[in-house]
There are 2 protein chains.
Amino acid sequence: MTQADPAPRGDKRERIIDAAIAVFADRGFHKARVTDIAHRAGVADGTIYLYFRNKEDLLLTIFEEKMDLIIASLKATLAPIDDPLERIHAFALHHYSLVRRERALAEVLQVELRLSNRFLKEYRPEKLWKYLGLFAQVVRDGQERGVIRADMDPFIVMWAFFGAIDELGMQWILARKKARFKLDQAAHQVADIFIQGIQARP
Amino acid sequence: MTQADPAPRGDKRERIIDAAIAVFADRGFHKARVTDIAHRAGVADGTIYLYFRNKEDLLLTIFEEKMDLIIASLKATLAPIDDPLERIHAFALHHYSLVRRERALAEVLQVELRLSNRFLKEYRPEKLWKYLGLFAQVVRDGQERGVIRADMDPFIVMWAFFGAIDELGMQWILARKKARFKLDQAAHQVADIFIQGIQARP
DNA sequence: AGATCCTGAATGGCGATTCATTCCCATACA
DNA sequence: TGTATGGGAATGAATCGCCATTCAGGATCT
């Protein structure tokens, strides 16, 4: 009749993306077979190529689209918090709440994306910069307000903090149930170290 | 893993390892072709299989052998330093001196090893644990002496510190000459953040 | 000669990608 | 109402390129 979508167009695309996240997390990008993804999504192998240029495009699409959601969510979390030091704390907690809630996605973003040379060397991970940029901005704000040491380079602090958070998240994911620490505990300790480490002292 | 060399002698093994480090760093493990490594080492493709079981064994052998050297070097660096907080500083500087001096090796260890699922999930990176364990021990010593906060989990501090150091090292390597910071500056700032962050306060 | 070491072309397997074919259904027409 | 038709969507078997690995000979020593 009207302009109603005749076919479940978006549905298949969504299913392929979800299946890809699961399979990438499970087998790793390189070992993941397109056939596996197609099977899991309940579509034919060729169907995937109607929606994505190739296997790598599928990985990058997941990154692009999911990061948009994550960035929006992070912004919403930080918005009501005024104190920069408190925001650092919130950043860590927010990061891990995602890791815990969507472990497969987190695994793809943290572990698998890094094996894509294209991603690391050729492709500009704009979305990652945007995500981290929010943190760097928190540091700059804190410096302007005088609560964070002025001799710290926000750029270095940003990568250091992300590295710390990311590494612990990765170890937690890799260790699965055997993890020797709790994510929340890690979030608190790391945030605490950085807050103590960079705050301006009288 | 390399059991015992069946027979072959000479400097070929060494040349293959050096060539592999260069090619892995340059093209990435997956895109690196055995042919490229052989060519660079000045040997025939098949020769590589006289010294290594397969391509992955080559990667793991590089890890095993180089880590032994790195661990020994780190121990020698820390030995004459008594103050745990000063050792943290030395750890960061030592790590980056390696990154700067042997960039290709650092790239392989930091970036490429991570793409080997086998390495991260199945293989136990004992040597990495040994390396990091040295740092965890520094934290424990500091706690016993009362100069480091007792409420910090050495395990979490260890991963956080390594993550921070590692991430900055990776960004520096990836950015090559365009890096927006100096390695030494990063070493000092990160060490400073952690020292300020974990030291016991009166 | 025999043993050791090396060579590099040939092989084989894997799995991403393609594309000829089929399916589905909205619309048009009788 | 029944049937034809056009074309986009989906299929999945076949293709095809890539490259790690092998191995039947050579080369080089003793």
Side-chain angles (χ1 to χ4, degrees), chain A residues 1-62 108 112-113 115-119, chain B residues 1-24 26-62 108 112-113 115-119 123:
Chain A
M1 290 302 183
T2 15
Q3 222 277 284
D5 266 10
R9 196 179 181 119
D11 181 42
K12 281 212 166 95
R13 207 186 108 98
E14 196 66 24
R15 268 160 46 211
I16 291 169
I17 285 181
D18 289 345
I21 289 172
V23 176
F24 286 160
D26 197 48
R27 310 236 200 286
F29 180 74
H30 283 284
K31 283 188 191 162
R33 280 165 301 183
V34 172
T35 291
D36 293 338
I37 297 169
H39 190 258
R40 183 159 193 142
V43 302
D45 296 12
T47 304
I48 288 176
Y49 292 85
L50 296 177
Y51 295 91
F52 304 94
R53 219 177 330 289
N54 51 40
K55 189 177 160 186
E56 189 178 53
D57 178 47
L58 184 45
L59 180 66
L60 295 183
T61 298
I62 288 170
V108 172
E112 298 307 333
L113 270 177
L115 65 74
S116 168
N117 267 31
R118 172 104 162 270
F119 179 76
Chain B
M1 236 161 292
T2 312
Q3 297 264 23
D5 302 342
R9 299 192 62 78
D11 66 336
K12 285 210 162 86
R13 203 185 111 100
E14 197 63 27
R15 293 205 331 256
I16 290 169
I17 285 182
D18 290 344
I21 290 172
V23 176
F24 286 159
D26 195 51
R27 310 231 197 288
F29 179 74
H30 282 284
K31 284 188 192 163
R33 279 166 301 182
V34 172
T35 290
D36 293 338
I37 297 169
H39 189 259
R40 182 160 194 140
V43 300
D45 295 13
T47 304
I48 288 176
Y49 292 86
L50 296 176
Y51 295 90
F52 305 94
R53 211 181 322 300
N54 52 42
K55 188 178 160 185
E56 189 178 53
D57 178 46
L58 183 46
L59 179 66
L60 295 184
T61 298
I62 288 170
V108 172
E112 298 307 334
L113 270 176
L115 66 70
S116 168
N117 267 30
R118 172 105 162 268
F119 180 76
Y123 177 76

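Sequence lines set the chain letters: A, B, ... in the order given, protein chains first and strands last, and positions in each chain run from 1.
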Evaluation steps, side chain to side chain contact (heavy atoms under 4.5 Å, CB included), between A:Arg40 and A:Asp36: CA-CA 6 Å; A:Arg40 183 159 193 142; A:Asp36 293 338; over 6 Å; no
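For B:Val43, counting side-chain heavy atoms from C-beta on, the closest listed nucleotide (D:dA13, C:dA16, C:dT7) is C:dT7. Checking D:dA20, D:dG12, C:dC6 against the side-chain heavy atoms of B:Lys12 singles out C:dC6 as nearest. Comparing C:dC6, C:dT17, D:dA10 against the side chain of B:Thr47 picks out C:dC6 as the nearest. When distances run from any side-chain atom of B:Asn54 to the nucleotides D:dT21, D:dA10, D:dA20, the shortest one goes to D:dT21. When distances are taken from the side chain of A:Ala44 to each of C:dA16, D:dA20, D:dG12, the shortest belongs to D:dG12. Distance from the side chain of A:Leu50 is smallest to D:dA9 among C:dA9, D:dA13, D:dA9.
Minimum interatomic distance between A:Val43 and A:Ile48 (heavy atoms only, all atoms of both residues): CG2-CG1, 4.4 Å.
With rounding to whole Å, A:Phe29 atom CZ is found 10 Å from C:dA16 atom C1'. Distance CZ (B:Arg53) to C1' (D:dT21): 14 Å, rounded to an integer number of Å. Rounded to whole Å, the distance from CG on B:Asp57 to C1' on D:dT21 is 14 Å. Atoms CZ (A:Arg15) and C1' (D:dA10) sit 11 Å apart, rounded to a whole Å. Atom OH in B:Tyr49 sits roughly 16 Å away from atom P in C:dC6 (whole-Å rounding). One interatomic measurement links the two molecules: OH of B:Tyr51 to C1' of C:dC5, which rounds to 7 Å at whole-angstrom precision. Between the CG atom of A:Asp36 and the P atom of D:dG12 there is a distance of 15 Å, given to the nearest Å. To the nearest angstrom, C1' of C:dC5 lies 12 Å from CD1 of B:Ile16.
Side-chain contact between A:Asn54 and A:Val34 is absent, with no heavy atoms from C-beta onward closer than 4.5 Å.
No donor-acceptor distance shorter than 3.5 angstrom exists from the side chain of A:Lys31 to the backbone of A:Asp26, with no hydrogens or angles considered.
Ion pair A:Asp11/A:Arg15 flagged as a salt bridge, since at least one NZ, NE, NH1 or NH2 atom sits closer than 4.0 Å to an Asp/Glu carboxylate oxygen.
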